[in-house]
Undergrad: 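Pasting in a structure now, in structure tokens, and then I'll have a few things to ask.
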Protein chains: 2
Amino acid sequence: MAQQPDTVTRILDTAEVLFAERGFAETSLRHITSKAKVNLAAVNYHFGSKKALIQAVFARYLDPFTVRFHAALDELEARHAGGVIPLEALLETMARSVLEVPAERHSLKVFMRLLGLAYSQAQGHLRRYIQEEYGSVFTRFTELVRLATPDLPDAERFWRLHFMLGTVIFTLSGLDALRDIAEKDYGERVNVRDLVRRLRPVVVAAMNAPLPEPAPAQREVG
Amino acid sequence: MAQQPDTVTRILDTAEVLFAERGFAETSLRHITSKAKVNLAAVNYHFGSKKALIQAVFARYLDPFTVRFHAALDELEARHAGGVIPLEALLETMARSVLEVPAERHSLKVFMRLLGLAYSQAQGHLRRYIQEEYGSVFTRFTELVRLATPDLPDAERFWRLHFMLGTVIFTLSGLDALRDIAEKDYGERVNVRDLVRRLRPVVVAAMNAPLPEPAPAQREVG
DNA sequence: GGAGTTTTCAAACAAATGTTTCCAACCACA
DNA sequence: TGTGGTTGGAAACATTTGTTTGAAAACTCC
């Protein structure tokens, strides 16, 4: 550990930005190491492999997030001792936890973009890793949402949570491109907090939307 | 054109499936050509490059889609001659147009996954290509949405449309992974049409959500 | 200050990638 | 049947990829 950023830290800092910009497969170790001004072999020395580097990049965000989110849920449960936590409070708490973490590290934009990539890119190992390491806090959250929305069928709630996950990740991870359009067309420069403010009523309304009409007799589709 | 699928067609059929499964960078031409049982050089001979192949895969979906969507909007405008087309009708028409196209070709799942990849993967050339080739139909659509939602500030409508785009693309493009979870946990095997049915009320509710509280005095955020 | 460990570095490695070449096979049309 | 243009195919090409190697350098600790 030196006062000048550590080699490990320099690699992580550079890698997360490049991954966020270009994706995992499209970012070579040589690109990372040259921009980070470290030797090519440093990645394999410190992390073991490129896969492990990718996971380490995620861990640096997700570890503090899960800690904070668990703590925030603890506090929320204590405040509503025994009772049901309203949906708005749950969503609010999640939003706050997500917003807090990168503030002490790097940009939320990068974090969300990485999450978006984790979903969309192949990288089966990544999805498996995230599921195994951080699935529990998400399970806890969905259980609380279940209590807050007793009228929603389980399957419907499952899908709506993922709808909203898509809304948030997609928007925030594509923020850069969209921001430019929005600024040009509407003269309004948005930042992440601004978007979260806009997202709040949309997400609440979506979760509280009326149930869909029941499925008709179905024929299979590819 | 032979009675046995054309070489070009075999390449496209195989490529779109592999691209959807693994992404563009992660799918090699050798993988495509060997699975399609065509020679490696066939891709460069018929398409010129891998980039061009990727665009051709998209064109095979997007060309019929834009034709149908324009036609559907023509009909919708004629039916509401002079008047405003309700938001539900617009969303319904778009959903129907999206659903129709792959029915005559291949799976909607592949189509949506490709769209998701187009958004999330680097592949700058792809986003540019899609924007240039197919941007006009979307401009037309958003203008109709504007007329249908006169109370929504322009910027708010812009963002909400993108929220919903995220909802749809994210969910449908990650369908395979989510479907397995949903089936295991809720014993319910969903298909794409099923999800579209679930999406309908959510999207409508989200677009009609109350306006967010006005922005407080803002401090900048990365 | 020197033994022992950790970290850095340049170089090489094997494998995989997109692309090109060159020739054979095919096919329509005279 | 022969000719000209199109398609198919095996091989090679030049790069780029992640990873490994082995030795030099830096650091730790007694």
Side-chain angles (χ1 to χ4, degrees), chain A residues 1-59 114 117-118 121-126 128-129, chain B residues 1-58 60 114 117-118 121-126 128-129:
Chain A
M1 306 277 180
Q3 61 274 46
Q4 161 93 351
D6 203 308
T7 296
V8 170
T9 307
R10 276 222 301 286
I11 292 175
L12 286 172
D13 287 349
T14 311
E16 72 176 21
V17 171
L18 291 180
F19 284 154
E21 282 175 358
R22 310 161 169 260
F24 305 113
E26 294 89 342
T27 304
S28 70
L29 293 186
R30 282 171 178 78
H31 194 171
I32 295 171
T33 53
S34 73
K35 192 169 183 195
K37 294 201 200 330
V38 303
N39 189 272
L40 168 62
V43 168
N44 285 278
Y45 175 75
H46 286 286
F47 297 94
S49 69
K50 186 181 181 180
K51 279 186 182 179
L53 169 63
I54 294 174
Q55 297 181 356
V57 166
F58 273 85
L114 290 175
L117 288 175
Q121 301 243 144
Q123 302 290 348
H125 72 97
L126 225 194
R128 240 175 294 124
Y129 168 78
Chain B
M1 305 279 180
Q3 61 275 44
Q4 163 91 351
D6 202 308
T7 297
V8 171
T9 307
R10 277 221 302 286
I11 292 176
L12 287 172
D13 287 349
T14 311
E16 70 176 22
V17 170
L18 291 180
F19 283 154
E21 282 175 359
R22 312 161 169 260
F24 306 113
E26 295 89 340
T27 303
S28 69
L29 293 184
R30 281 171 177 79
H31 194 170
I32 295 171
T33 53
S34 75
K35 192 168 183 196
K37 293 202 201 329
V38 304
N39 188 270
L40 170 61
V43 169
N44 284 280
Y45 175 75
H46 286 287
F47 296 94
S49 69
K50 186 181 180 180
K51 280 186 182 179
L53 169 62
I54 295 174
Q55 296 181 357
V57 166
F58 273 85
R60 211 164 55 139
L114 290 176
L117 288 175
Q121 300 244 140
Q123 303 288 350
H125 73 98
L126 226 194
R128 239 173 296 125
Y129 168 78

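Numbers restart at 1 for each chain; the letters A, B, ... are given by sequence-line order, proteins then strands.
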Undergrad: Please find the pair of heavy atoms, one from B:L117 and one from B:A20, that lie closest to each other, and give the distance.
TA: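 It is CD1-CA, 4.2 Å.
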
Undergrad: Could you pull out the protein-nucleic contacts involving nucleotides 7-11 of chain C (nitrogen or oxygen on both sides, under 3.5 Å)?
TA:
from   : atom 1 : to    : atom 2 : distance (Å)
C:dT7  : OP2    : A:Y45 : OH     : 3.1
C:dT8  : OP1    : A:T7  : OG1    : 2.4
C:dT8  : OP2    : A:H46 : NE2    : 2.7
C:dA10 : N7     : A:N39 : ND2    : 3.4

Undergrad: In this structure, how many angstroms lie between the P atom of D:dT16 and the CZ atom of A:R22, rounded?
TA: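 Atom CZ in A:R22 sits about 14 Å away from atom P in D:dT16.
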
Undergrad: Hey, which of these two, A:L29 or B:R30, hits DNA chain D nearer its 5' end, going by closest nucleotide?
TA: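 Comparing both residues, the 5'-ward one is B:R30.
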
Undergrad: Please report the shortest heavy-atom distance between A:A25 and B:E26, naming the atom on each side.
TA: CB-OE2, 3.4 Å

Undergrad: For residues 37-48 of chain A, dump all side-chain donor-acceptor pairs below 3.5 Å to protein atoms at least two apart in sequence or in another chain.
TA:
from  : atom 1 : to    : atom 2 : distance (Å)
A:N39 : OD1    : A:A41 : N      : 2.9

Undergrad: Can you measure A:F47 atom CZ to C:dT6 atom C1' for me and round it to whole angstrom units?
TA: 16 Å

Undergrad: Indicate the atoms forming the closest heavy-atom contact of A:I32 with A:L53, along with that distance.
TA: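 Residues A:I32 and A:L53, closest heavy atoms: CD1-CD2, 4.1 Å.
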
Undergrad: Give the rounded distance in Å between these two atoms: CZ of B:R10 and C1' of D:dT7.
TA: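 After rounding, the gap between these two atoms is 12 Å.
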
Undergrad: Are side-chain heavy atoms of B:T33 and B:I11 found at a separation under 4.5 Å?
TA: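 No; the side chains remain at least 4.5 Å from each other.
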
Undergrad: If I take atom NZ from residue A:K35 and atom NE2 from residue A:H31, how far apart are they, to the nearest 0.5 angstrom?
TA: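 The NZ atom of A:K35 sits 6.0 Å away from the NE2 atom of A:H31.
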
Undergrad: Looking at side-chain heavy atoms only, is the closest gap between B:D13 and B:V17 below 4.5 Å?
TA: no

Undergrad: So how far is it from B:F19 CZ to B:L114 CG, rounded to the nearest 0.5 Å?
TA: 8.5 Å

Undergrad: Would you mind reading off the distance between A:L53 atom CG and D:dT17 atom P, rounded to a whole angstrom?
TA: 15 Å

Undergrad: Quick one: which protein N/O atoms are closer than 3.5 Å to N/O atoms of nucleotides 23-28 of chain D? Pair and distance per line, please.
TA:
none

Undergrad: Taking only the side-chain nitrogens and oxygens of B:S28, find out if one of them lies under 4.0 Å from OP1 or OP2 of C:dA16.
TA: no

Undergrad: How would you label the contact of B:T33 with the nucleic acid (heavy atoms, under 4.0 Å): base, sugar-phosphate, or nothing?
TA: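 Answer is nothing: B:T33 stays at 4.0 Å or more from every strand.
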
Undergrad: Return the value, rounded to whole Å, for the distance between atom NZ of A:K50 and atom P of D:dT19.
TA: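 Atom-to-atom, A:K50 to D:dT19, this comes out as 8 Å.
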
Undergrad: Are OP1 or OP2 of C:dG18 and a side-chain N or O of B:N44 less than 4.0 angstrom apart?
TA: no

Undergrad: For B:E26 and C:dT17, give me the distance from atom CD to atom C1', rounded to whole Å.
TA: 13 Å

Undergrad: Would you say that B:I54 contacts B:Y129 through its side chain, given a criterion of any heavy-atom pair below 4.5 Å between the two side chains?
TA: no

